[in-house]
Each structure stands twice: as structure tokens, then as C-alpha cells.
Amino acid sequence: MSIHKKTYKKVTTNSLQEMKQNREKISMLTAYDYTLAKIVDEGGIDVILVGDSASNVMAGRETTLPITLDQMIYHAASVVRAVDRALIVADMPFGTYQGNSKEALNSAIRIMKEAGAHSVKLEGGSEILESIERILTAGIPVMGHLGLTPQSIYKFGTYTVRAKEEEEAAKLLEDAKLLEQAGCFAIVLEKVPASLAQKVAESINIPVIGIGAGSGVDGQVLVLHDMIGMTHEFSPRFLRRYLNLFDDIKNAVGQYVSDVKSVDFPNEKEQY
Ligand code: KIV
């Protein structure tokens with residue numbers, strides 16, 4: 001199949017819509033800091049997600065629930081300073097948008113104003129529709145997130161595949177349509193059967209970006225630290241590791257320790 005691939009100097013929500021129409025797959029990765037965001041942007045990624053997975057990856061917490069709005073703004077602002085091309089999406093943390101649309105709007109405005117992100121992402125469907133609609137009234141682009149929504153981990157109990165049963169699959173499809181109607185520019189679909197994910201992508205006109213959702217969707221997202229092998233405890237089936245930086249960095253540190261101990265480092269050329 002020949003694939004139309006347009007060059008985008010800057011990726012916007014409109015570019016993503018065009019990519020879906022042109023059947024060009026959308027690439028998305030997380031970043032939480034200036035240095036890695038710069039590398040990811042120069043690598044040509046379309047979308048950078050400042051994910052609340054920073055709670056796990058950067059802070060070593062068990063879930064995404066504890067990360068605060070101030071912490072997300074700090075991470076997002078660091079990423080914004082690094083990026084020239086990619087569209088930047090910042091996660092709204094747990095507790096800043098559920099059940100209170102006014103608080104949702106205020107939280108989203110803080111992310112846009114203080115961090116300079118281009119858009120926000122919220123987890124959930126019909127339950128948070130009012131918050132999504134209120135954020136959209138301020139002209140803030142919203143990305144949805146359905147399927148496995150890690151902020152609800154204590155409701156689900158486990159991180160296993162979602163929507164395997166008909167009832168949950170039907171609700172998910174309905175939620176995806178609701179989010180499209182509300183005006184979301186894209187939806188992340190996490191850890192659901194590939195056949196369902198493809199059905200969702202074919203049923204709505206906004207891009208569906210999958211993680212553990214198969215190849216029938218409009219794009220893919222991974223957590224950068226998993227994809228470059230900086231983390232190594234986490235090995236779900238959907239993860240492809242492109243590097244093994246945990247071992248590479250560990251070996252480099254070991255070599256440095258040995259060079260310092262043996263007074264091999266610094267040598268004459270490495271001093272003044
Ligand atoms: O926070 C995150 O990294 C995410 C991705 C898993 C999509 O939401």
C-alpha cells in the first residue's frame with residue numbers, strides 16, 4: 001500500500017487529523033524532561049506526551065495517582081523548552097478534573113499558561129464529559145484516553161487487558177463516539193483487544209492512538225523509558241525495546257568506578 005507522507009514543520013492537531021485522512025500513522029512517545037524531549041523531537045516524533053507515568057518512571061511511585069498538578073507543570077514546562085516540532089500533550093493528573101468541571105478548566109488553564117503545553121489529556125468517557133466540554137470551551141485541545149486508564153487502577157484491580165467482554169467493549173465504543181462528538185482531537189486507547197481497537201478507529205473520524213491495541217489504529221504510543229530500555233522490570237507483550245540502556249548505562253558506570261579507583265581517570269589530557 002502506498003502511503004502519503006506529508007512533511008510537517010510543526011505538528012498541530014490539524015496535522016494529526018490530516019494524517020488520519022491520509023492513512024499516515026501517527027508516532028507518539030512520552031518525555032518528561034528537557035534533554036530527552038530534545039532528542040525525541042529531533043528524532044522526528046509527531047506527538048510528545050508528558051504523561052503522568054512520570055509518577056512511576058521519574059519518581060518511582062507504584063501508580064500514577066500521587067503526581068500533582070505542580071509536578072506535571074514542572075515536567076511539561078521542561079519539555080516545552082526543548083521542542084520545536086512535535087505537538088505536546090500534557091496529562092491532567094488524578095484529582096484535577098474528575099467530578100468538578102470548574103476545577104478541570106482551572107487545572108487545564110494552568111497547564112497551558114504555566115507550562116506552555118499545546119493540549120491536555122484526560123482519562124475516561126461519559127463520566128468526565130462535562131469536564132472535557134468545559135475545557136474545550138476555553139479553546140484548549142483535549143485528547144481522550146480510554147481502555148486501561150491507570151488513574152482508575154484501584155477500580156480495575158489489575159493492569160490486564162480491558163474490554164474483552166461485550167458490555168465493556170460496547171461502552172468503550174460509545175465513549176469514543178461521545179469524545180469525538182464533544183470535540184476531542186484524538187483518543188489514546190490503552191491495552192484493549194486489537195479487533196476492538198480497529199473497530200473504534202474505523203467508527204470515528206478523529207485519530208485513535210494505541211498502546212497495546214494492535215496495528216489497526218491510527219498511531220502508536222509507548223513510554224520512552226520502556227522503549228529505550230532504561231526501565232527493565234516492565235515487559236508487557238506490547239512493548240518493543242529498541243535499546244537496552246539500563247545495561248549500557250550500568251556498564252558505563254561500572255567502568256567509570258573502576259577508572260576512578262585505579263586512577264586511570266582523569267589522565268593527563270583530562271586535567272588542567
Ligand atoms: O502517562 C502515560 O504515559 C500514558 C501513556 C501510557 C499513554 O498515558
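The figures that follow rest on heavy atoms only: side chains count, while hydrogens, waters and symmetry mates do not. Counting convention: from 1, in listed order, for ligands and their atoms alike. Since this is a predicted model, take the numbers as computed values, not measurements.
- Listed by number with element, the atoms of ligand 1 under 4.0 angstrom from any heavy atom of Val223 are 3 (O).
- Set against the non-hydrogen atoms of Gly51, the atoms of ligand 1 under 4.0 Å away are 1 (O), 2 (C).
- Using a 30° and 60° split on the angle between ring planes, His75 and Tyr32 fall in the perpendicular class, above 60°.
- Close approach to Thr30 involves these atoms of ligand 1, each under 4.0 Å from a residue heavy atom: 3 (O).
- The closest approach between any non-hydrogen atom of Glu123 and ligand 1 is not below 4.0 Å.
- Less than 4.0 angstrom separates some heavy atom of Asp91 from each of these atoms of ligand 1: 1 (O), 2 (C), 8 (O).
- With respect to Lys6 and Glu24, no salt bridge is recorded, no charged nitrogen being found less than 4.0 Å from a carboxylate O.
- Taking only non-hydrogen atoms, the option from Leu49, Leu29, Asn56, Asp52 nearest to atom 1 (O) of ligand 1 is Asp52.
- By the 6.0 Å contact criterion, NZ on Lys199 is open, its count of non-hydrogen atoms from other residues, nucleotides or ligands being 12 or less.
- At a heavy-atom cutoff of 4.0 Å, ligand 1 is contacted by no atom of Thr64, backbone or side chain.
- For ligand 1 and His145, the ligand atoms under 4.0 Å from any heavy atom of the residue are 8 (O).
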Original post:
Hey, mind stepping through Leu148 and Val161 against side chain to side chain contact (heavy atoms under 4.5 Å, CB included) and telling me if it holds?
Top reply: CA-CA 7 Å; Leu148 176 65; Val161 180; over 6 Å; no

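- No more than 12 heavy atoms of other residues, nucleotides or ligands sit less than 6.0 Å from atom CD of Glu174.
- At most 12 heavy atoms of other shown residues, nucleotides or ligands fall within 6.0 angstrom of atom CD in Glu130.
- Each of the atoms 6 (C) of ligand 1 lies under 4.0 Å from some heavy atom of Glu190.
- Exactly one of Leu29, Thr231, Thr30 qualifies for a side chain to side chain contact (heavy atoms under 4.5 Å, CB included) with Asp226. That residue is Thr231.
- Here the heavy atom of the protein found nearest to atom 2 (C) of ligand 1 is Ser53 OG, 3.2 Å.
- Arg85 has a carboxylate O that lies under 4.0 Å from a charged side-chain N of Asp46, or vice versa, which qualifies the two as a salt bridge.
- Within the 4.0 Å heavy-atom shell around ligand 1 one does not find Met28.
- Ranking protein heavy atoms by distance to atom 8 (O) of ligand 1, first place goes to Lys121 NZ, 2.9 Å.
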